[in-house]
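Below: the structure, in structure tokens.
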Amino acid sequence: MSVMESSQAVQRAERIRDAMPEGGLFHEKSWRIAPEAFPVDTALAEEIDKLGHRLLLFVRACNLLYRQSIKGRQPAWIAEWLDRGKPAHLVEWSRERAFQNDLPRVLRPDLIITESGFTIAELDNVPGGIGLTAWLNREYADLGDPVIGGKDGMLEGFRAILPGGDIMVSEEASTYRPEMEWLANQLNATASNGASWRVVGTEAGQTLQSNAYRFFELFDASNIACLPGLVDSMLAGKVHLTPPLKPYLEEKMWFALFWLRPLHDFWRRELSERHFEALRKVIPYTWIMDPQPLPPTAVYPQLDINDWNELSHFSQKERELILKVSGFSERAWGSRGVFVGSDLSSPQWKAAIESGLADWPKNPHILQRFHPGKIVDHSYLDETSGAVVSMKGRARLCPYYFIREERAVCSGILATICPPDKKLLHGMGDAILAPVSVLL
């Protein structure tokens, strides 16, 4: 990098840093600021764009499979597994006929960039980062970067799924309240036809507008005081809520159900052969850790073991596996409750397995193939020296697909580049956060 290029990079990074809204976008959270967007080539950008439609079909099929299971048209154990640990009233609400076809209107997969493309670590229906990515896209677009989704794509995407209304943020999710307040302020600044947006809490007795966006996790339902009244308003047709109150759609075990051989015909029929095969290339092989004993001659596919406890005897190289809680738990987000087998000692790995199996009645766990991210190179502003420096790391890309007229539109992508020694890629203080652009 020449002196002029270095100087320009510092100026760009400082401009982005200084444009940060007062109070920040996350409560007491920071990240390393890059002087430019994270670039991807056209081929990768096109594959990520196509993924949105495939994931929309996948979530639609998940919803159908659950409903067919409770009606007896598919095995009953499917719904039984998906409903484990959930309070009866929440299961009852999720099964209301009035909401049977409701789906999340924003989908955000976590994509790990690998040597051969990408793999989907998980799929989030209640994602954070919407306001952050909207802000990043705007700031880097103003600097001339060709960010995916465009300068205001994230704002227009959110406006499409919530055309005026309330953004409900729980106390448990308060870290993200600043970005949601920034988002609401930006939408209000460009509103038309009298539409307005506001960020509200989840206290009992409040009056909501006719449209509401749920930014709280359903495992926290017992702390959402307004929830019973909200459901009454929804059943009366006074309030439409997105994402829907369907905890079964927020389970990570869907990836395991996708790989179950007895369900392949269902997935092929609902996704089409082409999209089914495309998703098989990017959804990592996943197992549901049901502790029920297998017959003596049976083994778990690809693992060739008859009992889950045999995993504890795997060598470190064989333990390129991730163990994590499936859902409906405070440990099911933010890389909590996630164990990378190759990073643990044998006693630690054994303890994680035993704990996951013991949790089966209330918190089923899944086991997943671990695909390490490839090493990438990106720059950031070192606040200590004031210089822009290069960092090698591994990248997670989070595209935001807003469902608009039955189409999944990619309106922006958040890149998180973590130091190379980190196996779990998420927003941390020593990570670079930037929007994604296409190499021209």
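We use all heavy atoms of the structure for the numbers below, so side chains are in, but hydrogens, waters and symmetry mates are not.
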Q. Hey, is Lys324 close enough to Glu122 for a salt bridge, meaning N to O under 4.0 Å?
A. yes

Q: Using the salt bridge (Lys or Arg N to Asp or Glu O under 4.0 Å) rule, pick out the option among Arg280, Lys281, Arg274 that qualifies with Glu277.
A: Arg280

**Q.** Close side-chain approach of Leu245 and Val231, heavy atoms under 4.5 Å
**A.** yes

Q) So, are Glu181 and Arg198 salt-bridged, with charged N and O less than 4.0 Å apart? A) no

**Q.** Euclidean distance, Met168 CE relative to Ile224 CD1, rounded to 0.5 Å
**A.** 7.5 Å

Q: May I ask you to check whether over 12 heavy atoms, not counting those of Glu171, lie within 6.0 Å of atom CD?
A: no

**Q.** Distance in Å, Leu107 CG paired with Asn125 CG, rounded so as to fall on 0.5 Å steps
**A.** 6.0 Å

Q) Is the Tyr285 ring parallel, tilted or perpendicular to the Trp287 ring (thresholds 30°, 60°)? A) tilted

Q: Verify whether one side chain among Asn185 and Asn188 offers a donor that lies under 3.5 Å from an acceptor in the other.
A: no

Q. Which pairs pass side chain to side chain donor-acceptor pair (under 3.5 Å) with one or both residues in residues 75-84, sequence neighbours excluded?
A. Tyr66-Asp83, Glu80-Arg84, Asp83-Arg95

Q) So does Glu47 pair up with Arg54, basic N to acidic O under 4.0 Å? A) yes

Q.
Nearest 0.5 Å, please: how far is CZ in Arg268 from CZ in Phe276?
A. 4.5 Å

Q | Partner set under ring pair (Phe, Tyr, Trp, His ring centres under 6.0 Å) for Phe216, not counting sequence neighbours | A | none

Q.
Would Arg15 and Leu143 count as a side-chain contact (heavy atoms from CB on, under 4.5 Å) here? Give the steps.
A. CA-CA 9 Å; Arg15 173 175 165 177; Leu143 290 173; 3.4 Å; yes

Q | Over 12 non-hydrogen atoms of neighbours within 6.0 angstrom of CZ in Arg17 | A | yes

Q | Approximate separation, where rounding is to 0.5 Å, of Leu271 CG and Phe258 CZ | A | 6.5 Å

**Q.** Check: Pro284 main-chain N/O paired with Thr286 side-chain donor or acceptor under 3.5 Å
**A.** yes

Q.
Restricting to non-hydrogen atoms, name the atom on Tyr248 and the atom on Trp254 that form the minimum distance, rounded to 0.1 Å.
A. O-NE1, 2.7 Å

**Q.** Salt-bridge contact Lys374-Glu115 (side-chain N to carboxylate O under 4.0 Å)
**A.** no

**Q.** Flag for Asp166-Gln209: side-chain donor and acceptor within less than 3.5 Å
**A.** yes

Enumerate donor-acceptor pairs with a distance under 3.5 Å from any side-chain N or O in residues 144-152 to protein atoms, sequence neighbours excluded.
{"unit_1": "Asp145", "atom_1": "OD1", "unit_2": "Arg12", "atom_2": "NH2", "d": "2.9"}
{"unit_1": "Asp145", "atom_1": "OD2", "unit_2": "Arg12", "atom_2": "NH2", "d": "3.2"}
{"unit_1": "Asp145", "atom_1": "OD2", "unit_2": "Ala37", "atom_2": "N", "d": "2.9"}
{"unit_1": "Lys151", "atom_1": "NZ", "unit_2": "Asp142", "atom_2": "OD1", "d": "3.0"}
{"unit_1": "Asp152", "atom_1": "OD1", "unit_2": "Arg138", "atom_2": "NE", "d": "3.4"}
{"unit_1": "Asp152", "atom_1": "OD1", "unit_2": "Arg138", "atom_2": "NH2", "d": "2.9"}

(Q) Could you measure the distance from the CE atom of Met154 to the OG1 atom of Thr133? Nearest 0.5 Å is fine. (A) 4.5 Å

Q.
Would you compute the distance between atom CH2 of Trp93 and atom NZ of Lys246 and round it to the nearest 0.5 angstrom?
A. 15.5 Å

